[in-house]
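What follows is a short report on a single structure.
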Amino acid sequence: MKIGIVCYPTFGGSGVVATELGMALADKGHEVHFITYNQPVRLDFFSHRLHFHEVVLEEYPLFQYQPYELALSSKMVEVVAKYELEVLHVHYAIPHAYAAYMAKKMLEDKGIDVKVVTTLHGTDITLVGSHPTYKTAVEFSINKSDEVTAVSNSLKEDTLRLFNIEKDIKVVYNFIDGEKYDKAHEGECKREALAKPHERILTHISNFRPVKRTDDVIRIFNKVQKEIPSKLLMVGDGPERLKAENLAKELEIEDKVLFMGNSTEVAKILCYTDVFLLPSETESFGLAALEAMAASTPVVSTDTGGLPEVNINGVTGFLSELGDVDDMANNAIFLLKDEVVLNKFKENAKEHIKLFSLDNILPAYERLYKKCYVS
Ligand code: GMT
């Protein structure tokens, strides 16, 4: 099929999932067109079936805010008409689902029919979308999509609770290419560059927004390092980073905490890791946790949102109540102090990700694209 993919081209989970999906679809023979304001960070042009169309914004002094939706929907119309796209798959409802609906209507005027599939990723529903500022438009554009998916049962329930939804929402989990993580383990795992042989490595990866509770990460690690010689890798960047750095200094553990900034080498970083920490206030899914498990890393997380659908308590890691730093620290210590226990959880994590393999998830999206044309 000919598919347009619209996403945020950044390090966030929704952009990563959209990019990996587009690359996998192209690999399977579909023609894929990314329509975004920048080349997606994980986009790897290995296939001639992959195209990228930049949405360019015209600056004009009158605008206090640039009208991105207008530029995006105009670009969608242009690309759909020129390349005869059959489906626009938009990731993250705001403003992509709204812009796609406008593009669909403009194309109808030209006698062109394109179907819109909207994938809800999390904060577009739970934090931003349900805010009164956006709610009306988000609800409208979800209801006007030809098909709607959510990345977990938890997100589907949140959407039905927060909005008046008439469409059926299908749950299609995020996915992972396990092999990429196996390769990192085999060849390029230079653990000794970061920690001494007797030290354990804990990792946190996020966009350092308040919802990730990066201070809790530091506090959990502070307790762990008192019992287990260890290092903490803090990967990513965002508004809470400075606060987390200051807390590490205040707790006098700054020499044990490495702030690494944004990285496109997540697989290589995770292959060093013994335990992954994700104490988020909420996560619709927790792609970072799935990536950690793909690298055979158990996850110590909160039990919020979709995390219990990804991280199985007592099997792939542990779940704790939001803010229960002591419990999360104790769970990490339990995993790290016994090699046999740690290895068992590592094996379990690697086994569990099979549920989220590309082979399982890709056909679900392909079926959905086809279904748009029969329903
Ligand atoms: O985690 C973020 O703040 C980024 C956000 C995004 O849209 O990129 O992530 C959301 O979508 C990811 C991919 O589906 C999910 O794995 C994350 O759990 C979800 N984040 C939240 O719900 C906070």
Side-chain angles (χ1 to χ4, degrees), residues 5-22 24 36-38 40-43 89-97 117-131 134 138 148-159 161-162 169-177 204-214 216-217 234-241 262 264 266 270 276-294 299 301-311 319 322 353 355-356 358 361 364-365:
I5 293 196
V6 179
C7 63
Y8 283 105
T10 56
F11 288 93
S14 62
V16 169
V17 168
T19 309
E20 301 277 355
L21 175 65
T36 62
Y37 60 80
N38 265 333
V41 283
R42 289 215 196 161
L43 188 58
H89 187 174
V90 300
H91 292 260
Y92 206 88
I94 305 172
H96 302 148
V117 175
T118 297
T119 291
L120 309 173
H121 278 275
T123 45
D124 47 351
I125 295 301
T126 53
L127 293 184
V128 194
S130 56
H131 191 277
Y134 302 110
V138 172
V148 182
T149 75
V151 298
S152 64
N153 287 301
S154 156
L155 182 59
K156 176 177 174 173
E157 281 158 25
D158 283 342
T159 311
R161 180 171 49 80
L162 294 167
I169 300 178
K170 294 175 188 70
V171 173
V172 181
Y173 282 130
N174 287 332
F175 60 88
I176 194 93
D177 173 4
H204 169 77
I205 304 178
S206 78
N207 52 22
F208 286 61
R209 299 227 172 98
V211 72
K212 303 296 173 181
R213 296 185 63 113
T214 41
D216 282 3
V217 177
M234 296 288 277
V235 183
D237 208 347
E240 296 285 290
R241 176 170 166 176
N262 283 325
T264 49
V266 166
L270 285 169
F276 188 78
L277 300 177
L278 196 62
S280 304
E281 185 180 327
T282 184
E283 282 299 337
S284 66
F285 183 89
L287 184 66
L290 189 64
E291 291 184 321
M293 288 192 236
V299 175
S301 73
T302 45
D303 60 2
T304 54
L307 281 170
E309 293 172 62
V310 180
N311 183 21
L319 298 165
L322 175 61
I353 62 133
L355 270 179
F356 305 93
L358 196 59
I361 306 298
Y365 280 122

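Atoms within each ligand, like the ligands themselves, are counted from 1 in listed order. The analysis underlying the following values was restricted to heavy atoms, covering all of them including side chains, and did not include hydrogens, waters or symmetry mates.
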Can you sort out which atoms of ligand 1 are near [X], meaning under 4.0 Å from one of its heavy atoms?
X: E283; answer: 17 (C), 18 (O), 19 (C), 20 (N), 21 (C), 22 (O), 23 (C)
X: L287; answer: 16 (O)
X: T282; answer: 23 (C)
X: N174; answer: 13 (C), 14 (O), 16 (O)
X: G286; answer: 15 (C), 16 (O), 17 (C), 18 (O)

Would you please say whether a donor-acceptor pair under 3.5 Å links the side chains of D158 and T126?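 D158 vs T126: no donor-acceptor pair found between side chains.
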
Tell me yes or no: between the side chains of T149 and T119, is some donor less than 3.5 Å from an acceptor?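 Per modelled atom types, T149 and T119 side chains form a pair under 3.5 Å.
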
Is there side-chain contact between F208 and V217, with at least one heavy-atom pair below 4.5 Å?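 No, their side chains stay 4.5 Å or more apart.
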
Side chains of N38 and Y8: closer than 4.5 Å at any heavy-atom pair?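 No, side chains not in contact.
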
Is there a nitrogen or oxygen of F285 sitting under 3.5 Å from a nitrogen or oxygen of ligand 1?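 F285 vs ligand 1: N/O contact under 3.5 Å present.
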
Is any N or O atom of S14, backbone or side chain, closer than 3.5 Å to an N or O atom of ligand 1?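 By distance alone, the answer is yes.
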
Taking non-hydrogen atoms only, is Y92 closer than 4.0 angstrom to ligand 1 via side chain, backbone, both or neither?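 The answer is the side chain of Y92.
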
With heavy atoms under 4.0 Å as the rule, classify the contact between N207 and ligand 1 as side chain, backbone, both or neither.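 Answer for N207: side chain.
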
Strictly under 4.0 Å, does any heavy atom of E281 approach an atom of ligand 1?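 No; E281 lies far enough from ligand 1 that no heavy-atom distance drops under 4.0 Å.
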
What are the two closest non-hydrogen atoms of [X] and [Y], and how far apart are they?
X: N207; Y: P239; value: O-CD, 3.9 Å
X: L307; Y: F285; value: CD2-O, 3.6 Å
X: S301; Y: N311; value: OG-ND2, 3.1 Å
X: L278; Y: A289; value: CD2-CB, 4.0 Å
X: F356; Y: E309; value: CZ-O, 3.6 Å

Just going by heavy-atom distances, which of S284, A289, S206 is nearest to atom 15 (C) of ligand 1?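 The residue whose heavy atom sits nearest atom 15 (C) of ligand 1 is S284.
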
Heavy-atom nearest neighbour in the protein, as seen from [atom], with distance rounded to 0.1 Å:
atom: atom 14 (O) of ligand 1; result: H121 ND1, 2.6 Å
atom: atom 9 (O) of ligand 1; result: G13 N, 4.2 Å
atom: atom 1 (O) of ligand 1; result: K212 NZ, 2.6 Å

